[in-house]
Amino acid sequence: YWPSRNGVACWNNFNLQDWEEDFEGMHRRGYNTVRIFMIWPDFQPEEDQINHDHIRKLKLAIDCARDKSLWVIPTFFQGWMSGTNFDPKWRDGRNHIQDPSLRAAMIRLIQATCHQIADCSNLLAVDLANEINVICPDVTPSSLRAWTGELRSAIQTIIKDVLVTNGTADVPIQAESSWTHEDQDIDFICMHGYPMFWTPVPFTSLKSARSSQVFGATVAIAAADSRPVMRQEYGVAMGGDGPLVEGFVKTSSFASYLAGAHGFLYWCWRDFATSEAPYQDVPFESSMGYMDTSLKAKSWSKGYDYFKNFLLSHIGWQPIFDSVEILIPKRLKKLNKNADYG
């Protein structure tokens, strides 16, 4: 979630009424969780400088969500967003994961923030970063374990019982990548994904079974790690409205649920009225909301509402599978003649 009027500039142009309006809308529509982001250079303008005023604004936003009966997942290191890298200039090319000096700076921001929000009663979890694997692909298993472990420890030393996760694009599954879910020292796995960006599988339409089932397939792979999986960010990635989007949203949500996902956060709540970065460069990013800019629900919202109402009426029920089978088409075997399929 970002406020519609200011988008990623919301901390420098903070208006609590914007947050109240949207959080009231979420509550009224029956939703219970919102994920918010700390633009890294806004909260840490210099390596040794923390913007405590912004952290106080963050707490106001979290408290505002509590007043609307919403759980919150704050995301610490928001550099990558909507096709744009907002990393601070002082990072100066250092590797996010492998450079010890950068890790020390990250922990500095974590500690300052956690001390401020530790008494917030509506923290569902804390998110280390947003798709940091997109802008920092160069990692090793040991550096990934160390980075997630040290940041998680810094958080849980101050906020004892909070769950820690890391919002990761589906690159660990959809392409060759040094990033893996199993090497991250986190409490549960978070996955992001959009069918239009799913490069290994050709999609002709959102009507394709490939499109609606791909999220379920990726959840099933991640769930094999034996930790809970949240489908933390997903959607169509191209805006639009109508029955096709409605059907895709509903079927892809159920596919993730039936594959074992424990939580669902759709991107995003509301269309953006601002034309600032990143929206002037990628204008389609402005129209992916469940609501339009006037807070009118789009027609496709019925698909997500249907899924939400199903979840609320089946609280505690989870599908149980005796086994999982993977279909390997003959065409794929022909393309991979040397592969051992067991």
Side-chain angles (χ1 to χ4, degrees), residues 1-3 6-16 19 23 33-67 70-81 86-91 94 96-97 99-132 135-136 146-168 184-188 190 232-233 265:
Y1 164 77
W2 295 106
N6 291 315
V8 300
C10 63
W11 301 112
N12 292 324
N13 300 294
F14 187 74
N15 182 352
L16 189 59
W19 302 74
F23 290 170
T33 303
V34 60
R35 179 174 176 239
I36 61 178
F37 308 90
M38 300 162 57
I39 286 287
W40 191 2
D42 289 350
F43 282 77
Q44 195 169 15
E46 299 295 339
E47 187 166 353
D48 59 353
Q49 181 183 345
I50 303 298
N51 190 326
H52 293 278
D53 185 52
H54 278 1
I55 296 177
R56 284 188 286 271
K57 294 173 186 175
L58 174 70
K59 186 174 188 305
L60 286 174
I62 295 173
D63 288 344
C64 176
R66 178 204 61 209
D67 294 342
L70 295 175
W71 294 96
V72 175
I73 302 177
T75 303
F76 279 106
F77 299 103
Q78 181 54 64
W80 182 254
M81 171 58 59
F86 290 93
D87 264 7
K89 292 180 179 179
W90 53 261
R91 183 174 72 84
R94 286 175 290 176
H96 297 77
I97 310 305
D99 193 301
S101 67
L102 195 60
R103 193 174 305 169
M106 288 178 161
I107 290 175
R108 189 174 298 120
L109 177 59
I110 282 173
Q111 291 173 332
T113 305
C114 286
H115 281 301
Q116 185 71 33
I117 66 173
D119 63 347
C120 293
S121 60
N122 58 325
L123 293 177
L124 180 66
V126 171
D127 199 353
L128 295 181
N130 182 65
E131 300 183 4
I132 200 169
I135 53 178
C136 183
W147 180 79
T148 52
E150 287 184 35
L151 267 59
R152 176 187 179 190
S153 177
I155 293 166
Q156 293 178 335
T157 296
I158 299 170
I159 311 178
K160 303 294 184 184
D161 299 321
V162 74
L163 297 172
V164 176
T165 189
N166 184 35
T168 307
Q184 298 184 56
D185 184 5
I186 49 180
D187 294 307
F188 63 97
C190 275
Q232 190 191 48
E233 181 182 319
L265 291 175

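Residues: numbered from 1 along the sequence shown.
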How long is the span from the CE atom in M38 to the CD atom in Q44, to the nearest 0.5 Å? 8.5 Å
Under 6.0 Å between ring centres, would you say that holds for F37 and W2? yes
Just so I know, are the side chains of I107 and L151 near enough to count as touching, which here means a heavy-atom distance under 4.5 Å? yes
Give me the atom names and distance for the closest heavy-atom approach of L16 to L60. CD1-O, 4.0 Å
Taking D187 first and then R152, would you say they form a salt bridge - that is, a charged N and a carboxylate O separated by under 4.0 Å? yes
Of the non-hydrogen atoms in H115 and I158, which two are nearest, and what is the gap between them? NE2-CD1, 3.6 Å
Nearest non-hydrogen partners of F23 and A61, listed with the distance: CE1-O, 3.4 Å
Could you walk me through whether F43 and F76 satisfy the side chain to side chain contact (heavy atoms under 4.5 Å, CB included) test, starting with their C-alpha distance in whole Å, then the side-chain angles of each, then the deciding distance to 0.1 Å, before giving a yes or no? CA-CA 9 Å; F43 282 77; F76 279 106; over 6 Å; no
With side chains defined as the heavy atoms from C-beta onward, is the minimum distance between F77 and I110 less than 4.5 Å? yes
Check whether any side-chain heavy atom of N166 sits under 4.5 Å from a side-chain heavy atom of W147, and report yes or no. yes
Residues L109, I50; criterion side chain to side chain contact (heavy atoms under 4.5 Å, CB included); working and verdict: CA-CA 7 Å; L109 177 59; I50 303 298; 4.0 Å; yes
Nearest-0.5 Å distance that lies between atom CG in N6 and atom CG in N13: 5.0 Å
For the residue pair W40 and W90, does the interplanar ring angle fall in the parallel (under 30°), tilted (30 to 60°) or perpendicular (over 60°) class? perpendicular
Inter-residue atom distance K57.NZ - N51.CG, 0.5 Å rounding: 7.0 Å
State whether the side chain of T157 and the backbone N or O of S153 hold a donor-acceptor pair below 3.5 Å, judged by distance alone. yes
Worked verdict on H96 versus R91 for side chain to side chain contact (heavy atoms under 4.5 Å, CB included): CA-CA 8 Å; H96 297 77; R91 183 174 72 84; 3.2 Å; yes
Taking W71's backbone N and O only, do any of them form a donor-acceptor pair with T33's side chain (distance below 3.5 Å, no angle check)? no
Between NE2 of H54 and CZ of R56, what distance do you get to the nearest 0.5 Å? 11.0 Å
Are a donor atom and an acceptor atom from the side chains of S121 and R66 found within less than 3.5 Å of each other? no
Taking C-beta and beyond as the side chain, do I155 and L128 meet within less than 4.5 Å on heavy atoms? yes
Quick check: do L265 and E233 have side-chain heavy atoms less than 4.5 Å from each other? no
Check: W19 ring centre within less than 6.0 Å of W11 ring centre: yes
Would you compute the distance between atom CD1 of I73 and atom CD1 of I62 and round it to the nearest 0.5 angstrom? 11.5 Å
Just wondering, do T113 and K59 contact through their side chains at under 4.5 Å, heavy atoms? no
SG-CD1 distance between C120 and I159, expressed to the nearest 0.5 angstrom: 8.0 Å
Note: A129 and R35 closest approach over all heavy atoms is O-NH2, 3.9 Å
Give me the atom names and distance for the closest heavy-atom approach of Q232 to G167. OE1-CA, 3.2 Å
Atom of L70, atom of N122 and distance for their closest heavy-atom approach: O-ND2, 3.1 Å
Could you check whether any side-chain heavy atom of D42 comes within less than 4.5 Å of a side-chain heavy atom of V8, counting everything from C-beta outward? no
